[in-house]
Protein chains: 2
Amino acid sequence: MKEKKYKSEEEFLKHYNPDDFERLSATVDILITSVSDTPTQNYRKLNKKSFSVLLVKRNTFPFKDKWCLPGGFIDVKETIDHAVERVLSNETNLHNIYTEQLYTMGEVDRDPRMRVLSIAYMSLIDKNELTDKLPFNAAWFDISINERDQFVDIKLKSEKEEINFTVEKLLVQQTTAKYKYNIVENKDIAFDHASIIALGIERLKNKIEYTDIVFNMMPKLFTLGELQQVYEVILGRTLLDAAFRRIIKNKVMKTNKMRTGGGHRPSVLFKYKEPRL
Amino acid sequence: MKEKKYKSEEEFLKHYNPDDFERLSATVDILITSVSDTPTQNYRKLNKKSFSVLLVKRNTFPFKDKWCLPGGFIDVKETIDHAVERVLSNETNLHNIYTEQLYTMGEVDRDPRMRVLSIAYMSLIDKNELTDKLPFNAAWFDISINERDQFVDIKLKSEKEEINFTVEKLLVQQTTAKYKYNIVENKDIAFDHASIIALGIERLKNKIEYTDIVFNMMPKLFTLGELQQVYEVILGRTLLDAAFRRIIKNKVMKTNKMRTGGGHRPSVLFKYKEPRL
DNA sequence: TGAATAGTGTCTGTGAGACAATATTAT
DNA sequence: ATAATATTGTCTCACAGACACTATTCA
């Protein structure tokens, strides 16, 4: 742009040419997570819960036939939030879903087509509220994680297939224990979405301990046993019953409904109690 | 783009035209923070600490003569991290500075020239390490904050001038106590940078309680009194000495140096002790 | 000597970890 | 009756808030 003197902002804007700088593209990519219930054989036992993520199979280049996060380009005339809502309504029939910004990915070659920033979001939903059938190219994958030294093996399992990838967990900031996740092995996930998945899992593990975020993936009514199962599957460790109940007792409210039918003592159904802020 | 069948990713990429979608621009904008020391009259008293932020006065349109965060456009061929480093090295002579992503701002009209995303970063530095003179158009502003109901009045004071603005603190997410900051009164800050400042202050207030982030703005050696002052000025409340010392005793290490010369008992100089992760 | 900061000791209440004990149901 | 989950009680230990007390320096 020429160095020119303008008298007013209006005048400046009239002459401004956005093409003086080469521009770029941006997408939103959303890690949609939930918990799945798998019935067990033993009639007494509770359903097994797993932490799951919604992926979409690409049917066009680039990364044709690989799995990726639901996402889309941000239109020049729409806000980021709007793009997020648009993508979410393509994949689900839900409104007022929990979303939060996860990270903005900006490696130069993360998309082979051209320069594309990805503004990654994380979203938590209650899968049971989904009434519409999933888009034909989308599927839920149950997550299992194995950490060995600085490597994290992540296994994603849907009804039809299994995906494995490995990321390297690298400390980037000592004072705040901030990590980044480099992909070291990955055949099936497109772009840098494997990093985003690892990042989102870590974020959720942290937030579940000091926020009420988990209730975004719970049904309206739930037993404390179920809630504890969700905590356990996300944290990847078992919790002591008594301690767990103490921790969440201020976050939930007893209802007068019970869940019966298992081969054991019925349990009270609770609902989320919003905190005073 | 035409719906065409390509045989391979290579072939697809050869024919891909990035101009099929209208592209946009992106900047990085960095909230550079530190603590300032103001000497007091009374020879016995400690210097007063304040929490400060580095702003730059714009000398071109748009928002000519208003203050903004140091920032710049992301080049198509550079990573976001590289852009951040580039901006930081323009403003400081420091390397290996603490930075973290704060938020990506994406309102459509946040820049009157064209569509510009802003990837906001926060950075903490030790002001005393700055050896070069500040760029002529940059200045440090001490921050003071007044919260009344959902409004937050923020006062920024440099050697030469004082800026006031007000943001409205709006709860956007009950379960995670997530807020957004809408600008309701602002004459002097360009773009949506007033929101970014409010967001960064909140982030820092939170992180100081559960991370070691504060040590990024401390000198190598410091007294526990000084460290406590920094905590107090950022949190906006006084802390009990004994309790504070208990909390940070695992984060610091005693040295054999002392600070003497105040009209009172000398104090031991401590240094940061990196945690085992 | 006195003002100011530095540093420690102790009491108390809260809350988490650990584990034991009791309650209830469907088969 | 038994297996399984639901729910509560209690002991202990760690730690934070509150506050008092001692230590040390320099004008």
Side-chain angles (χ1 to χ4, degrees), chain A residues 37-49 208-212 218 221-233 235-271 275, chain B residues 37-49 206 208-211 218 221-233 235-271 275:
Chain A
D37 257 315
T38 316
T40 44
Q41 304 302 328
N42 188 332
Y43 78 98
R44 291 182 193 278
K45 283 206 161 187
L46 292 176
N47 289 348
K48 185 170 165 287
K49 298 246 188 263
I208 200 178
E209 303 235 45
Y210 67 92
T211 71
D212 299 352
M218 297 301 293
L221 298 178
F222 48 83
T223 69
L224 296 187
E226 288 164 352
L227 184 58
Q228 186 173 341
Q229 277 187 301
V230 174
Y231 270 83
E232 289 179 343
V233 76
L235 290 173
R237 59 190 167 90
T238 56
L239 305 173
L240 293 171
D241 297 359
F244 178 75
R245 274 155 195 267
R246 267 198 308 259
I247 294 164
I248 48 109
K249 80 168 170 293
N250 297 321
K251 300 179 189 291
V252 296
M253 200 188 294
K254 202 182 275 206
T255 68
N256 54 14
K257 299 200 183 66
M258 303 281 285
R259 169 150 310 154
T260 55
H264 50 74
R265 178 169 168 180
S267 52
V268 176
L269 286 165
F270 285 78
K271 62 181 179 183
Chain B
D37 257 315
T38 315
T40 44
Q41 304 303 327
N42 187 332
Y43 77 98
R44 292 184 192 277
K45 282 208 161 186
L46 293 175
N47 289 348
K48 185 172 164 287
K49 299 246 187 263
N206 283 327
I208 200 178
E209 303 234 46
Y210 67 94
T211 70
M218 298 303 292
L221 298 178
F222 47 82
T223 69
L224 296 187
E226 288 165 352
L227 184 58
Q228 185 173 343
Q229 277 187 301
V230 175
Y231 270 84
E232 289 179 344
V233 75
L235 291 173
R237 59 190 165 89
T238 57
L239 305 174
L240 293 171
D241 298 359
F244 178 75
R245 277 156 193 266
R246 267 197 309 257
I247 293 164
I248 47 111
K249 81 166 168 295
N250 296 319
K251 301 180 189 290
V252 297
M253 200 188 295
K254 202 182 274 205
T255 69
N256 52 14
K257 299 201 182 66
M258 303 281 285
R259 169 151 309 154
T260 56
H264 50 75
R265 176 170 171 180
S267 52
V268 176
L269 286 165
F270 285 78
K271 62 180 180 184

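In what follows, chains carry the letters A, B, and so on, assigned in the order in which the sequence lines appear, proteins first and then strands, with residues in each chain numbered from 1.
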What's the [atom1]-[atom2] distance between [X] and [N], to the nearest Å?
X: B:F244; N: D:dG17; atom1: CZ; atom2: P; result: 12 Å
X: A:L269; N: D:dT5; atom1: CG; atom2: P; result: 17 Å
X: B:R44; N: D:dT25; atom1: CZ; atom2: C1'; result: 8 Å

Worksheet item: Does B:L239 offer a backbone N or O that forms a donor-acceptor pair with the side chain of B:Q228 under 3.5 Å?
Response: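 Side chain of B:Q228 to backbone of B:L239, a donor-acceptor pair under 3.5 Å: yes, one is there.
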Worksheet item: With A:D37, which residues qualify under side-chain contact (heavy atoms from CB on, under 4.5 Å), at least two apart?
Response: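 side-chain contact (heavy atoms from CB on, under 4.5 Å) check on A:D37 returns A:N47, A:K49.
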Fill in: Set of side-chain contact (heavy atoms from CB on, under 4.5 Å) partners for B:A243, sequence neighbours left out
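B:A243 satisfies side-chain contact (heavy atoms from CB on, under 4.5 Å) with B:L240, B:R246 only.
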Worksheet item: Got a sec, which pairs hit ring pair (Phe, Tyr, Trp, His ring centres under 6.0 Å) with one end in residues 237-269 of chain A, sequence neighbours left out?
Response: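 The answer is A:Y231-A:F244.
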Practice prompt. Over all heavy atoms of both residues, which pair between A:R245 and A:L224 is shortest? Give the atoms and the distance, please.
Written response: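 Looking at all heavy atoms of both residues, the closest pair is NH1-CD1, 3.6 Å.
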Item to complete: Report yes if the side chains of B:V233 and B:K48 come closer than 4.5 Å at any heavy-atom pair, otherwise no.
Response: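 The answer is no, as the side chains (C-beta and beyond) never meet within the 4.5 Å cut-off.
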Can you pull every protein N or O that's under 3.5 Å from an N or O on nucleotides 6-15 of chain D?
residue: D:dA6; atom: N3; partner: A:R265; partner atom: NH1; Å: 3.1
residue: D:dT7; atom: OP1; partner: A:V268; partner atom: N; Å: 2.9
residue: D:dT7; atom: OP2; partner: A:R245; partner atom: NH1; Å: 3.4
residue: D:dT7; atom: OP2; partner: A:R245; partner atom: NH2; Å: 3.1

Distance-only donor-acceptor pairs under 3.5 Å for side chains of residues 249-259 of chain A, two or more places apart:
residue: A:K251; atom: NZ; partner: A:D212; partner atom: OD1; Å: 2.7
residue: A:T255; atom: OG1; partner: A:K257; partner atom: N; Å: 3.2
residue: A:T255; atom: OG1; partner: A:L269; partner atom: O; Å: 2.6
residue: A:R259; atom: NH1; partner: A:E226; partner atom: OE1; Å: 3.1
residue: A:R259; atom: NH1; partner: A:E226; partner atom: OE2; Å: 2.0

Worksheet entry | First and last nucleotide of DNA chain C, 5' to 3', lying under 4.0 Å from heavy atoms of chain B |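 Range of nucleotides touched by chain B: C:dG2 to C:dT10.
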Practice prompt. Evaluate the criterion side chain to side chain contact (heavy atoms under 4.5 Å, CB included) for residue pair B:T223 and B:F270; output intermediate values, then yes/no.
Written response: CA-CA 6 Å; B:T223 69; B:F270 285 78; 5.9 Å; no
